[in-house]
Amino acid sequence: MVSKKERQHYEELQHEANHYRDNLKEKGYKGADDLSKRQGEIRGLEEKIVPRIEKEIKVKEHTIETISGIFDAIQQATHSETFTQQRQQLRKMRTTNINRAKDQGPDFSR
């Protein structure tokens, strides 16, 4: 004789097993051979696709590094140009001040 609790547990497991069987049928599962075939197809795709994706990632990483280098060069050139312009403006100001001082002559008013 089986206890009521054990019987209920067995029926729950049966119900769960039926649910999973129906779910597998919905997904197109046709048995162990079909599962093995599908697993083989997936492995084949992984062997072909994963290396291709990894190669694409490396190409994109290289492109990003190149673009980053270009931006760094532009930034450095801009900084250098700004520095050069400031230096030229400073020279002009010095030259203008020196010429003014020459035009005015020495200051004897003191």
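All residue numbers refer to positions in the sequence shown, counting from 1. Since the model is a prediction, treat every value here as computed from it, not as a measurement.
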Test side chain to side chain contact (heavy atoms under 4.5 Å, CB included) applied to Glu12 and Gln14, His15, Gln8, the passing residue: Gln8

Side chain to side chain donor-acceptor pair (under 3.5 Å) partners of Gln88, counting only residues at least two apart: none

Non-neighbouring partners of Glu11 that pass side chain to side chain donor-acceptor pair (under 3.5 Å), sequence neighbours left out: Arg7

Gln75, CD atom: more than 12 neighbouring heavy atoms under 6.0 Å: no

More than 12 heavy atoms of other groups within 6.0 Å of Tyr10 OH: no

Donor-acceptor contact below 3.5 Å, side chain Ser80 vs main chain Gln76: no

Check: Ile64 main-chain N/O paired with Ser68 side-chain donor or acceptor under 3.5 Å: no

As an exercise, state the distance from [atom1] of [X] to [atom2] of [Y], rounded to the nearest 0.5 Å.
X: Asn18; Y: Leu13; atom1: CG; atom2: CG; answer: 11.0 Å
X: Arg43; Y: Glu41; atom1: CZ; atom2: CD; answer: 11.0 Å
X: Leu24; Y: Leu35; atom1: CG; atom2: CG; answer: 9.0 Å
X: Lys30; Y: Arg38; atom1: NZ; atom2: CZ; answer: 6.0 Å
X: Glu6; Y: Ser3; atom1: CD; atom2: OG; answer: 3.5 Å
X: Glu65; Y: His62; atom1: CD; atom2: NE2; answer: 7.5 Å

Cluster link Ile57 to Leu45, ILVMFWY, side chain under 4.5 Å: yes

Under 3.5 Å side-chain donor-acceptor pair for Arg94 and Asn97: no

Close side-chain approach of Tyr20 and Glu16, heavy atoms under 4.5 Å: yes

Heavy-atom side-chain proximity of Ile49 to Arg52 below 4.5 angstrom: yes

Contacts of type salt bridge (charged side-chain N to carboxylate O under 4.0 Å, His left out), residue Glu47, not counting sequence neighbours: none

Note: Lys37-Asp33 ion pair, threshold 4.0 Å (strictly below): no

Audit row: Gln89, Gln85, side-chain hydrogen bond (donor to acceptor under 3.5 Å, both in side chains) steps and yes/no: CA-CA 6 Å; Gln89 288 173 349; Gln85 288 175 354; 5.8 Å; no

